[in-house]
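These notes are about the structure you will find just below.
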Amino acid sequence: MSLPLRLLFLKVLLMGFLFLPKPSVLAQPMKLGVRTEMESSPFSDRHWLQPLPDSSLLLVTTRSGSVTKKDHFLVSKLNHQLQPVWQQRFEQQPLTKLVGVSSDSQLFYLLFSISGTPSLLLYQISSSTGQAWLTRHEQTAGNVTITGMSVAAGQLLICAQQQRTGTTLLLALDPAQQQLSLLPAMYHSKEQLTDVRTDHALRLTDLVATETNSLQSRFKINQISPRGDLKESLVVPAQLNSVFQQARITTGITPSKQIIGTYGDRGSSFTKGIFSSGLAGNATFYELGQLQHIFEYEHTPKLQRLKRRYNRQKAKGKDFSLRQQVYLHQATAHPAGFSVVAEVYKTIYSKVPFEPGPAYTQVTNSSVTVGSKQQGFSQFRSEHAPTTTMLQGKRIYVSYRFQAALILVFDQGGNLIEEGSIALQHHKTTVSPTVTSAVNPQGELALAYVKDGSLHYSLFRNSSWRLQPPFALQKDGYEGKSILREPDGVLPWYNGNLLAFGYRRLATKEGKSKSVLFLQGILFQ
């Protein structure tokens with residue numbers, strides 16, 4: 001072909017590209033909703049966010065001030081427009097720390113510990129008016145770390161961990177009694193409490209625990225009354241040569257409740273698969289490698305070789321461990337039944353401290369506690385290696401590298417009907433699980449996280465993903481600089497909507513700067 005003909009051919013080809021139809025821009029399935037800001041410093045203020053079933057939000061703000069004089073803390077109830085319904089300021093005693101928040105239809109319960117003493121302070125606050133009552137209580141379990149709290153019929157159930165032995169304890173607190181009661185629901189350190197769900201209508205609390213020794217493995221469900229009486233205890237054994245690792249329970253009436261959990265090979269910390277079971281013990285086991293989409297979260301040659309090797313070994317009738325660890329989120333109601341998010345991670349041991357860099361994300365905000373996730377965070381720290389450990393006399397630093405998120409949807413009978421996986425390559429952390437999930441009334445599940453001031457999320461439905469472009473949390477024309485030491489976070493709110501939070505440093509008209517805590521609603525369109 002001569003040079004003029006080549007130039008003519010390239011010109012026609014270029015004109016064809018120019019007149020190709022432009023790809024349509026997908027509408028944003030999620031959008032920014034209402035936003036509120038309040039002046040606050042991450043260095044002196046501590047915030048506790050507690051989503052409430054009626055679409056409102058409880059915000060408790062304490063100050064890390066002097067340990068020798070009294071201070072004040074602020075309790076705010078915000079509606080779904082993030083506008084204050086009421087705000088009340090209360091006196092905070094010296095050496096006290098907020099360790100638990102819970103609520104029922106009429107009252108909020110705020111629990112404070114007193115440093116160096118076994119005493120606890122309980123504030124009962126009217127959810128409609130903000131009027132409060134303060135009581136002091138004593139416990140005899142010694143030095144404990146409170147990891148969770150729930151309430152049923154005005155009675156509090158406190159989950160704690162004994163600092164000396166690491167044993168999980170359950171304490172019952174009656175606001176009318178000064179002394180706490182130690183409940184015999186957890187018997188020894190071989191039992192690991194993995195889920196607590198309270199049914200306010202039935203006035204029962206379900207405790208799910210796994211128990212493992214060198215010979216046997218099982219999980220059990222104890223149902224206790226608000227007074228701490230054991231109403232029913234169910235035990236489900238594991239299958240041969242397997243050990244239960246973690247178990248979650250769904251909501252609903254007792255006969256229809258389901259257990260979803262992870263299991264592994266005996267003597268191994270790796271997860272072999274996921275199981276579902278009714279309370280009668282009819283468990284169904286799903287090996288990770290047998291899930292249809294388990295290898296789809298990353299198309300690297302290494303993962304594809306692992307997939308081929310797994311299939312070859314299974315075809316020969318041999319077991320093959322994927323050497324993965326899995327952390328389960330709490331089960332969430334779904335139009336088809338219930339859904340569970342499972343994060344795949346690896347434990348990283350190093351002789352040098354973990355230093356978060358630009359590619360690292362630590363979602364847990366040091367000055368903002370998300371009440372709905374506190375139990376899961378504390379479980380992750382207690383079930384897995386601490387941030388430092390001793391190995392052959394040397395201090396070893398421990399971090400977690402989250403690789404993928406698995407989405408599992410079950411029907412009412414506990415049968416797996418949808419599943420998928422998505423990569424989490426950017427997530428490396430020392431503390432906690434990394435993503436937040438929410439289900440809208442149409443059954444579409446959003447998996448989200450916040451990074452660099454933007455919401456990154458994907459939508460899952462009918463076993464398929466819809467990857468969405470991230471969008472900035474700040475509105476147009478809003479000028480604010482993120483405080484990098486306090487990363488943004490996101491939590492589930494109501495009707496499948498999300499609530500983002502974080503700090504921003506703003507410049508005032510006088511040329512000075514101030515920091516604000518922002519709350520940003522993120523809504524399904």
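This structure is a prediction, so every number in the text was calculated from the model and none was measured. Values below: all heavy atoms of this structure, side chains included; hydrogens, waters and symmetry mates excluded. Residue indices begin at 1 and follow the sequence shown.
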Checklist entry - Any luck finding a side-chain donor-acceptor pair between Y109 and D104 under 3.5 Å? => result yes

Checklist entry - Hey, what do you get for CD (Q324) to CD (Q403), rounding to the nearest 0.5 Å? => result 6.0 Å

Item to check | V151 and T198: CA distance, side-chain angles, deciding distance, side chain to side chain contact (heavy atoms under 4.5 Å, CB included) verdict | outcome: CA-CA 7 Å; V151 60; T198 297; over 6 Å; no

Checklist entry - Which distance, rounded to the nearest 0.5 Å, do you find between the CG of L173 and the CG of L171? => result 8.5 Å

Next on the checklist: Using a 3.5 Å distance criterion without hydrogens, assess whether the side chain of Q258 forms a donor-acceptor pair with backbone atoms of I249.
Outcome noted: no

Checklist entry - Side chains of K77 and F108: closer than 4.5 Å at any heavy-atom pair? => result yes

Next on the checklist: Can you confirm whether I407 sits close enough to V341 that some side-chain heavy atom of one is under 4.5 Å from a side-chain heavy atom of the other?
Outcome noted: yes

Next on the checklist: Is there a side-chain contact between L156 and M149 in this structure, where contact means two heavy atoms from C-beta onward sitting under 4.5 Å apart?
Outcome noted: yes

Next on the checklist: Tell me whether T436 contacts the main-chain N or O of P492 through its side chain, where contact means a donor paired with an acceptor under 3.5 Å.
Outcome noted: no

Checklist entry - Out of curiosity, Q520 CD to T36 OG1, how far, rounded to the nearest 0.5 Å? => result 10.0 Å

Item to check | Which atom of F112 lies closest to which atom of L98, heavy atoms considered | outcome: CD2-N, 3.5 Å

Item to check | Output field: ring centroids F402/Y449 closer than 6.0 Å | outcome: no

Checklist entry - Hey, does the side chain of N495 reach the backbone of N497 with a donor-acceptor pair shorter than 3.5 angstrom? => result no

Item to check | Test item: S276 and I259 side chains (from C-beta on) under 4.5 Å apart, heavy atoms | outcome: no

Checklist outcome for this item: Distance col, row S102:OG vs L111:CG, nearest 0.5 angstrom, shows 10.5 Å

Checklist entry - For the side chain to side chain donor-acceptor pair (under 3.5 Å) test, which of D199, D206, D229 pairs with Q223? => result D206

Checklist entry - Do T369 and V101 come within less than 4.5 Å of each other through their side chains, counting heavy atoms only? => result no

Item to check | Flag, side chain of T129 to backbone of S126, donor-acceptor distance under 3.5 Å | outcome: no

Next on the checklist: Students often mix this up, so state it plainly: with edges at 30° and 60°, are the rings of Y263 and F275 parallel, tilted or perpendicular?
Outcome noted: tilted

Checklist entry - What is the ring orientation for Y503 with H47, classed by angle as parallel under 30°, tilted 30 to 60°, or perpendicular over 60°? => result tilted

Checklist entry - T262 side chain to I274 main-chain N or O, any donor-acceptor pair under 3.5 Å? => result no

Checklist entry - Does the side chain to side chain contact (heavy atoms under 4.5 Å, CB included) test come out yes or no for R197 and Q330, once each step is laid out? => result CA-CA 10 Å; R197 299 294 286 260; Q330 267 199 338; 3.3 Å; yes

Return a table of donor-acceptor pairs under 3.5 angstrom between the side chains of residues 82-90 and protein atoms on other chains or two or more places apart.
| from | atom 1 | to | atom 2 | distance (Å) |
| --- | --- | --- | --- | --- |
| W86 | NE1 | S127 | O | 3.0 |
| Q87 | NE2 | S76 | OG | 3.1 |

Checklist entry - If you take all heavy atoms of S113 and V99, which pair is closest and at what distance? => result OG-CG1, 3.5 Å

Item to check | Worked verdict on Y123 versus F73 for side chain to side chain contact (heavy atoms under 4.5 Å, CB included) | outcome: CA-CA 12 Å; Y123 285 84; F73 67 93; 3.8 Å; yes

Next on the checklist: Determine whether a donor-acceptor pair (N or O, by modelled atom type, separation under 3.5 Å) exists between the side chain of Q139 and the backbone of Q179.
Outcome noted: no

Item to check | Test item: F518 and L473 side chains (from C-beta on) under 4.5 Å apart, heavy atoms | outcome: yes

Checklist entry - Where is the tightest heavy-atom contact between G33 and L523, given as atom of each residue plus distance? => result CA-CD1, 4.0 Å

Next on the checklist: Counting only heavy atoms not in E91 (residues, nucleotides, ligands), do more than 12 fall under 6.0 Å from its CD?
Outcome noted: yes

Checklist entry - Once you round to the nearest 0.5 Å, how far does CG of N440 lie from CE of M30? => result 8.5 Å

Checklist outcome for this item: Tightest non-hydrogen contact, residues S150 and V196, listed as OG-CG1, 4.2 Å

Next on the checklist: Quick check: closest heavy atoms across A160 and V144, and the distance to 0.1 Å?
Outcome noted: CB-CB, 4.0 Å

Item to check | Spacing of OG belonging to S40 relative to CZ belonging to R504, to within rounding of 0.5 Å | outcome: 13.5 Å

Checklist entry - If we only count heavy atoms from C-beta on, is the D45 to L517 side-chain gap below 4.5 Å? => result no

Checklist entry - Is there a side-chain contact between L157 and L183, using heavy atoms and a 4.5 Å cut-off? => result yes

Next on the checklist: Before you tell me yes or no, could you show the steps for I522 and Y457 under side chain to side chain contact (heavy atoms under 4.5 Å, CB included), namely the whole-Å CA-CA distance, both residues' side-chain angles and the distance that decides it to 0.1 Å?
Outcome noted: CA-CA 11 Å; I522 303 169; Y457 73 105; over 6 Å; no

Checklist entry - Will you find, in the side chains of R136 and S119, an N or O donor that is under 3.5 Å from an N or O acceptor? => result yes

Checklist entry - Can you check whether L328's main-chain N or O pairs, donor with acceptor, with Q246's side chain at less than 3.5 Å? => result yes

Item to check | T271 and Q325 side chains, donor-acceptor separation under 3.5 Å | outcome: no

Checklist entry - Is the shortest distance from a Lys or Arg side-chain nitrogen in D195 or R248 to a carboxylate oxygen in the other one below 4.0 Å? => result yes

Checklist outcome for this item: Of all heavy-atom pairs linking A448 and V490, the shortest is O-CG1, 4.1 Å

